[in-house]
Amino acid sequence: VTGVQTCALPISPRRHIDRRRGVMNTVSAPSVRGVRRPLRHLRPRTTTPPAVTLRERSCGRAYTAAVAPQTSAPAHPGDTWPLTGRDAELRQIEAARTDPGCAGVVISGAPGVGRSRLAREACLAAEQAGDLVYWVQGTASSAVIPLGAFAALIPDDVRSDEPLELIRRSTERLRERAAGRAVCLGVDDADLLDPASATLVLHLVTAASVFVVATIREGMAAPDAIDSLWRDAGALRIELAPLSDETIESLVQRALGGAVEQSVLRRAADSSAGSPLYARELVLGAIEEGRLTIDRSEERRVGKECRSR
């Protein structure tokens, strides 16, 4: 794979990032033989890991990313990373939410670009503003069951064998729960909703004035009712672009809690191609494998390159 080096941060042997489009594509194992270690979903074992060394065995070097103590970073790198580089999109969503003529927001983007995280932050802002907030997750498993995505939100006393009656009664119950408050509905991976769930989302927008924050995967076909949100119902559509290299570097520094050696930041930016999720997995993978360690001592506030023995 062009651009992949054995002395880069560890990446998956079955995935390659197309840097021109900022998306991850599946590739065959033989095409990535130069990559030594697979990318894993990692959970650091300690609350405060000891110092960070990025070991590049093929290059014969080790790098230390020192981190200043007492910052607003997560307690340890496995925690939720701070939302970075999406201030403009958050302002767009907030403006849409307070606009009576806007039915919602549909966020489209490639996998790993941060659609779900942006939607959750928008819903949190709505909740803090006093809105009644619901969150629905579309999955391939729930898509085979009519209204499967809404199973946890539909009260038992409004169950019905008739989908249309269930949609009507669910809307009425939602109005009762809201008690005059505005309602914000987050729908993650709305392209995976079954037709009945998608119809309920559209009905809540048009009949109950619910504000919807939906995410859809770039290039995936969504149910007609979801497409109607932005085509016919007045929802705002946001195409979420990959983050810039500078923003990825800032994200890594904020997540680790201080100054990080520039070589480490560059490897994270180059390998992630603007995907905050992929940058996070790269860093966590390096920490788990001992290729990256964190030093939070008072004396060391910047990274230092050193030779490994």
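When reading the values below, keep in mind they use all heavy atoms of this one structure, side chains included, and skip hydrogens, waters and symmetry mates. Numbers here simply count residues along the sequence, with the first being 1. As the structure is a prediction and not an experimental result, all values here were calculated from the model.
Hydrophobic cluster membership of I145, counting Ile, Leu, Val, Met, Phe, Trp and Tyr whose side-chain heavy atoms lie under 4.5 Å apart directly or via other members: V144.
Contact check on R175 versus E172 returns no salt bridge, with no Lys/Arg side-chain nitrogen under 4.0 Å from an Asp/Glu carboxylate oxygen. A salt bridge does not link R91 with E94: every distance from a Lys NZ or Arg NE/NH1/NH2 to an Asp or Glu carboxylate oxygen is 4.0 Å or more.
With contacts defined as side-chain heavy-atom distances shorter than 4.5 Å, the pair L251/R280 does not qualify. A 4.5 Å side-chain heavy-atom check between D270 and D245 finds at least one atom pair inside the cut-off. Within the 4.5 Å cutoff, side-chain heavy atoms of T171 are placed close to those of L200. Between I238 and I93, some side-chain heavy-atom pair lies under the 4.5 Å cut-off.
Between the side chain of R267 and the backbone N or O of S263 there is at least one donor-acceptor pair closer than 3.5 Å. Within the 3.5 Å criterion, the main-chain N or O of G109 finds a donor-acceptor partner in the side chain of R115. At distances below 3.5 Å, not a single donor-acceptor pair connects side-chain atoms of S271 with backbone N or O atoms of A268. Panel note: side chain S275, backbone G112; a donor-acceptor pair is recorded below 3.5 Å. In this structure, R117 contributes its side chain and L277 its backbone to no donor-acceptor pair below 3.5 Å. S142 contributes no side-chain N or O that, together with a main-chain N or O of G138, makes up a donor-acceptor pair within less than 3.5 Å. Remark: side-chain polar atoms of S141 are not paired, donor with acceptor, to backbone N or O of T139 under 3.5 angstrom.
Looking at every heavy atom in both residues, A225 comes nearest to A198 through CB-O, 3.4 Å. Nearest heavy-atom pair across C123 and C184 is SG-SG, 4.0 Å. Here the closest non-hydrogen pair linking D194 and A149 is OD1-N, 4.2 Å.
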* Run the numbers on E249 and V260 for side chain to side chain contact (heavy atoms under 4.5 Å, CB included), then give the verdict. => CA-CA 9 Å; E249 292 176 7; V260 178; over 6 Å; no

* Could you go through the side chain to side chain contact (heavy atoms under 4.5 Å, CB included) check for D189 and Q137 one step at a time? => CA-CA 7 Å; D189 290 335; Q137 177 69 55; 3.3 Å; yes

* Decide yes or no on side chain to side chain contact (heavy atoms under 4.5 Å, CB included) for Y134 and L204, but give the supporting numbers first. => CA-CA 12 Å; Y134 291 97; L204 290 173; over 6 Å; no

* Can you list the steps and then say if R86 with L240 is a side chain to side chain contact (heavy atoms under 4.5 Å, CB included)? -> CA-CA 9 Å; R86 301 301 186 193; L240 206 59; 3.6 Å; yes

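If you chain together hydrophobic residues whose side chains sit under 4.5 Å apart, F150 and V133 never meet in one group. L147 and W135 are assigned to two separate hydrophobic clusters, defined by single-linkage of ILVMFWY side chains at heavy-atom distances under 4.5 Å.
Counting heavy atoms of neighbouring residues, nucleotides and ligands inside a 6.0 Å radius, atom CG of D99 exceeds 12 of them. Atom CG of L90 has more than 12 neighbouring heavy atoms from other residues, nucleotides or ligands inside a 6.0 Å radius.
Taking CG of D188 as the start and CZ of R217 as the end, the distance is 10.0 Å to the nearest 0.5 Å.
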